[in-house]
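What follows is one structure encoded as structure tokens, with my remarks underneath.
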Amino acid sequence: MSTGFMIALVITFVLIIGSTIWVTNKAYSRKPDPIDPLPGNEMAQKKLEQ
């Protein structure tokens, strides 16, 4: 194996691993969709506060 082939192999792996980390970070940094609370929870919460 020549030196150029080894360098190309290392660069390829670095690009693959780097793009995987970048995509994973973008996916996990996305804010989750808000979940609508149940309509009955507001009344129960108000009763508890009184």
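Positions are given from 1 along the sequence. No hydrogens, no waters, no symmetry mates; every other heavy atom, side chains included, goes into these values.
Connectivity analysis of hydrophobic side chains (ILVMFWY, heavy atoms under 4.5 Å, direct or indirect) links Tyr28 to nothing; its cluster partners are none. Through direct or indirect side-chain contacts shorter than 4.5 Å among Ile, Leu, Val, Met, Phe, Trp and Tyr, Trp22 is connected to Val23.
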Throw together a table of side-chain donor-acceptor distances under 3.5 angstrom for residues 2-18, partners on residues two or more places apart or in other chains.
{"residue": "Ser2", "atom": "OG", "partner": "Phe5", "partner atom": "N", "Å": "3.4"}
{"residue": "Thr12", "atom": "OG1", "partner": "Ala8", "partner atom": "O", "Å": "2.7"}

